[in-house]
2 protein chains.
Amino acid sequence: MKRQKQTITQTCSTVELEEALKVLEGRWKILILFHLFSAPVLRFSELRRAVSGISQKMLIQQLRDLEKDGVVHRKVYPEVPPKVEYMLTKDGVALRPALKALKFWAESRKIPASVKKKPALACKRGSVR
Amino acid sequence: MKRQKQTITQTCSTVELEEALKVLEGRWKILILFHLFSAPVLRFSELRRAVSGISQKMLIQQLRDLEKDGVVHRKVYPEVPPKVEYMLTKDGVALRPALKALKFWAESRKIPASVKKKPALACKRGSVR
DNA sequence: CAGCATCCGAAACGATACTG
DNA sequence: CAGTATCGTTTCGGATGCTG
């Protein structure tokens with residue numbers, strides 16, 4: 001997630017945008033954020049289950065990135081066994097409108113013109129409310 | 001941008017979201033879209049100049065991806081020298097709210113608590129109106 | 001002008017094993 | 001439970017050269 005080598009020729013505009021976009025970059029980042037929107041806090045293991053398909057390594061890595069970028073807060077409970085909770089920071093919460101719009105778009109393009117009558121029951125959708 | 005190998009264990013929800021997110025994935029995709037929002041159509045060379053720092057190869061590649069995913073339309077004029085114009089499809093235009101929200105977030109987090117009085121003049125910002 | 005082909009280094013990513 | 005460390009693979013992305 002570090003891209004600070006070439007690409008020096010940047011115009012004034014869009015640079016800040018690029019910076020921000022880098023925060024969300026990565027296969028799992030946005031997905032993780034979505035789940036963090038669906039609950040006030042989530043433990044590591046809960047996230048692991050929520051973001052199905054992610055490897056443990058990736059989950060940690062992306063969480064650390066998000067933490068470093070001030071989007072997610074990590075709270076460690078000094079217990080045995082360990083307990084770590086993740087939650088959105090203020091900056092992270094500020095992403096809600098964007099993620100909501102993204103989710104809306106995602107859902108809208110899943111219906112390929114033929115409008116279904118029942119939206120496929122038995123499918124807990126949610127996140128970002 | 002093809003990720004269809006493992007990760008079979010997907011829950012019903014969030015799959016469609018993942019699909020949609022894949023469309024936007026890639027270092028330049030969103031940036032390209034931003035520029036396509038700022039003008040009705042853009043020629044290849046115009047995009048190349050607009051998205052500063054991108055290599056020709058990447059621009060083509062990402063444009064093809066976006067085209068394949070039905071977000072961008074490619075119009076070829078059978079002339080010599082060649083002329084190709086790119087524009088958003090209906091599906092692409094539908095991304096406007098999401099990108100707007102994203103841009104808003106990007107800008108909001110650039111001001112680190114200390115509110116400036118003049119927003120740095122001589123800096124043409126724009127895209128997504 | 002718009003683009004394709006190829007080569008190559010750098011990352012992102014995944015699986016596995018080990019730890020306090 | 002929540003990590004760290006390591007290794008191997010896959011993908012990404014840039015540079016260069018060529019084409020209609």
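For clarity, every value in this text was computed on a predicted model and none was experimentally measured. Throughout, protein chains are lettered first and strands after them, A, B, ... in sequence-line order, and every chain is numbered starting at 1.
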What pairs of donor and acceptor atoms, side-chain ones from residues 75-88 of chain B against any protein atom, are under 3.5 angstrom apart with sequence neighbours left out?
from	atom 1	to	atom 2	distance (Å)
B:Y77	OH	B:E85	OE1	2.9
B:Y86	OH	B:R74	NE	3.4

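- Note: CG (B:L63) to C1' (C:dG3) measures 12 Å, nearest angstrom.
- Under 4.0 angstrom from either OP1 or OP2 of C:dG3 there lies at least one side-chain N or O belonging to B:R74.
- Between C:dC13 and A:Q62, a contact under 4.0 Å exists linking OP1 or OP2 to a side-chain N or O.
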Identify the pairs formed between an N or O of the protein and an N or O of nucleotides 6-9 of chain C at a distance under 3.5 Å, and give each distance.
none

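- Of the possible donor and acceptor atoms, none in the side chain of A:W105 sits under 3.5 Å from a partner among the backbone N and O of B:G92.
- Considering only heavy atoms from C-beta on, A:I54 stays 4.5 Å or farther from A:L31 through its side chain.
- A straight line from CD1 of A:I54 to P of C:dT16 spans 17 Å, rounded to a whole angstrom.
- The shortest distance between the side-chain N/O atoms of B:R43 and the OP1/OP2 oxygens of C:dC1 is not below 4.0 Å.
- Taking the salt bridge (Lys or Arg N to Asp or Glu O under 4.0 Å) definition, one finds that A:R48 meets it with nothing, sequence neighbours left out.
- The nearest whole Å value for the distance from the CG atom in A:L59 to the C1' atom in D:dT4 is 14 Å.
- Judged by distance alone, with hydrogens and angles left aside, the side-chain atoms of B:K29 form a donor-acceptor pair with the main-chain N or O of B:E25 at under 3.5 Å.
- Residue contacts shown for A:R48 are absent, as no nucleic acid heavy atom lies under 4.0 Å away.
- In this structure, CH2 of B:W28 is placed 14 Å from P of C:dA11, rounded to the nearest angstrom.
- Salt-bridge check for B:K22 with B:E19: passed, with a basic side-chain N closer than 4.0 Å to an acidic carboxylate O.
- Taking 3.5 Å as the limit, the base of C:dG3 and the side chain of B:Q56 contain a donor-acceptor pair of atoms between them.
- Listed by chain and number, the hydrophobic cluster partners of A:F104 come to none, as no ILVMFWY side chain reaches under 4.5 Å of it.
- Distance CE (A:M58) to P (D:dT10): 16 Å, rounded to an integer number of Å.
- Interface residues of residues 76-85 of chain A facing DNA chain D, ordered by number: A:P81, A:P82, A:K83, A:V84; criterion, heavy-atom separation under 4.0 Å.
- Taking side-chain N and O atoms only, A:R64 has a distance below 4.0 Å to OP1 or OP2 of D:dG3.
- Within the structure, the salt bridge (Lys or Arg N to Asp or Glu O under 4.0 Å) test picks out no pair touching residues 34-47 of chain B (sequence neighbours left out).
- Computed from coordinates, the A:I60 CD1 to C:dA17 C1' distance equals 14 Å when rounded to whole Å.
- Rounded to whole angstrom, the span from the CG atom of A:L47 across to the P atom of D:dG3 amounts to 10 Å.
- Not counting sequence neighbours, the partners of B:I60 by the side chain to side chain contact (heavy atoms under 4.5 Å, CB included) test are B:F44, B:Q56, B:R64.
- Between B:S55 and D:dA15 there is no side-chain N or O to OP1 or OP2 distance below 4.0 Å.
- In this structure, A:K103 pairs ionically with A:E107, as a charged nitrogen and a carboxylate oxygen lie closer than 4.0 Å.
- Between the CD atom of A:Q61 and the P atom of D:dC7 there is a distance of 17 Å, rounded to whole Å.
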